[in-house]
Each structure stands twice: as C-alpha cells, then as structure tokens.
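A short write-up of the structure that comes next.
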Amino acid sequence: MIFDILTLFPGMFAAPLRESILGKAVERGLIQTRVHNIRDFAHDKHQVTDDRPFGGGDGMVMKPEPIVEALEFLGNIGPPPRIILLSPQGRLFNQRIARSLTQASRLILICGRYEGVDERVAEYFTDDQISIGDYVLTGGELAAMILVDAVSRLIPGVLGNCASTEEESFTKPLLEYPQYTRPQEFRGHRVPDILLSGHHEAINRWRRGQALLRTRQRRPDLFAQLHATPEDIDLLREIDGRPTEQP
Ligand code: 9D3
C-alpha cells in the first residue's frame, strides 16, 4: 500500500511513521509513505497557499491550485489511487471504512489547514471525504495519521500475529474484557481470583461477562446492536443482579 500525503506540515508525520509497528512496516516495504509539501506547488514567490473567503467571513481558505497541481504531479502511473480529503464534513471513519480502504493499492490523503479547502477541490478532485470524529482539530494531519495507522495494521504481515487481526474487537460490537499481568497484588489491588484459578472454562465465562457488562455500561449504542443471547442475559444478571431490558 502506498500512502501519498499532501500537507503544509510534512514534519508532523516523521515520528509516527518511524516508530514501532508502522516504522517496521515501512522498513519491510509493506507500506510506503510519501509526504508532499503543498507549499512546493504554490506559484508565487511567497508560496502562498491560502486566501480570504469569497463572501467574507473569518479565517482563510486553502487555494485550489497548489493542491490540484500536487495531485497532478503525483500522476496517473499505475492503478488509480483513491483520493481522500480529511475533513470535518466527511463521513465518520470506522473499522468498516478502514477495511474497505485496504482494497486500494494507493491512497492520496489531503490534509486541510485554516478554515478548510476550497469546496471545488472537495467536490471535483476527491473520491471521498473522511472525518475521524465530532471534535475540532487544528488540521487534517493527525486525522490522516490515524487513517494510515488503522489501515496499515490490516495489511497482511504488518502485525506479526494474524489472530489479533481476525479477532477484531469491532467486527463483533463488544468491548474487551479487563486484562491483568504480574504482580498478583499491586499497591493493595489484587488481580481477580478467577484468573489465577486455572479453570479455563470459568475464566472464559467471566471474561464474556465482563465484556458484556462494560459494553452495556460504557457503550449502550454497541450493546443495542449486539443481540445478546439468553445465556448472555443470565451472565449479566449473575454479575450485577440488574436485569437487562430486551428491545
Ligand atoms: C470555525 C469553523 N470550524 C468548525 C468548528 C472550521 C474548521 C475547519 C477545519 C474546524 C477544524 C478544521 C480542521 N480539522 C480538520 O481538518 C479535520 C478534522 C476535525 O477537525 N475533526 C475530525 N476529523 C477531521 S478530519 C480533518
């Protein structure tokens, strides 16, 4: 997978792409990332990339020419890339979208700054607009990194161990059970006895119960999609005594 990233702040991408799993994936050639400075495609001496909005209003808007000329520079060699604008107006990113993006061999990610990019870029020069959530960022760069991270880990070989990609927690809408490691007691807080019991069936049942409980408590939206089985309902009643309303 090739990621071409268009940004006014290329330096923001260095560390995330150098460290840890993504760094390894780059090193091993499983992903290739190329970061391009939109400013390099500005025409004038001062390399201006923004301008005032037609119709008035606060802030500046990114000019279309440098972005579109950067896209043209990237060229049409090889299979057609998917061109994505990171935008607060985009569709909300999730695991299903991450999975679908792995089908492309090349993604071009456009990161906006200021109040956004000229709407003609969004409308006529991109295939997709993606938001990573309902909160306000200072630009599209961190959103692009999140997309690169989420998509890259789904590429075969990027994670050492295949079981963890198959057992994706968001394929089934259930939060994960709590995990513990040594020591058995830490600052007065003990690991739940059941996990030290060696009874694997009882441990699995406890974990299922904990996963259900925290999903119901923390993510009622996921719990509603879950189609809890009668055994799940029993398990929850056993843990907290509270009956679960069934839709
Ligand atoms: C004053 C109007 N602002 C809306 C509250 C406009 C605005 C424009 C551009 C606010 C933030 C940004 C920069 N954000 C992104 O480019 C962005 C983003 C985000 O802010 N949240 C979630 N996902 C994304 S993807 C790109």
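All of these numbers come straight from a predicted model, not from anything done at the bench. Counting convention: from 1, in listed order, for ligands and their atoms alike.
- A side chain to side chain contact (heavy atoms under 4.5 Å, CB included) with Leu6 holds for exactly one of Ile83, Leu71, Leu109; it is Leu71.
- The heavy-atom pair separating Pro81 from Asp127 by the smallest distance is O-OD2, 3.7 Å.
- Panel note: side chain Gln210, backbone Pro178; no donor-acceptor pair is recorded below 3.5 Å.
- Comment: Lys63 does not engage Asp44 in a salt bridge, judged by the lack of any side-chain N to carboxylate O separation of less than 4.0 angstrom.
- With Arg39 contributing its side chain and Gln47 its backbone, the two residues share a donor-acceptor pair below 3.5 Å.
- Comment: Glu141 engages Arg113 in a salt bridge, judged by a side-chain N to carboxylate O separation of less than 4.0 angstrom.
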Polar pairs, ligand 1 vs protein, N/O only, below 3.5 Å.
unit_1	atom_1	unit_2	atom_2	d
ligand 1	16 (O)	Gly140	N	3.3
ligand 1	20 (O)	Leu137	N	2.9
ligand 1	21 (N)	Tyr135	O	2.8
ligand 1	23 (N)	Ser131	OG	3.4
ligand 1	23 (N)	Ile132	N	3.1

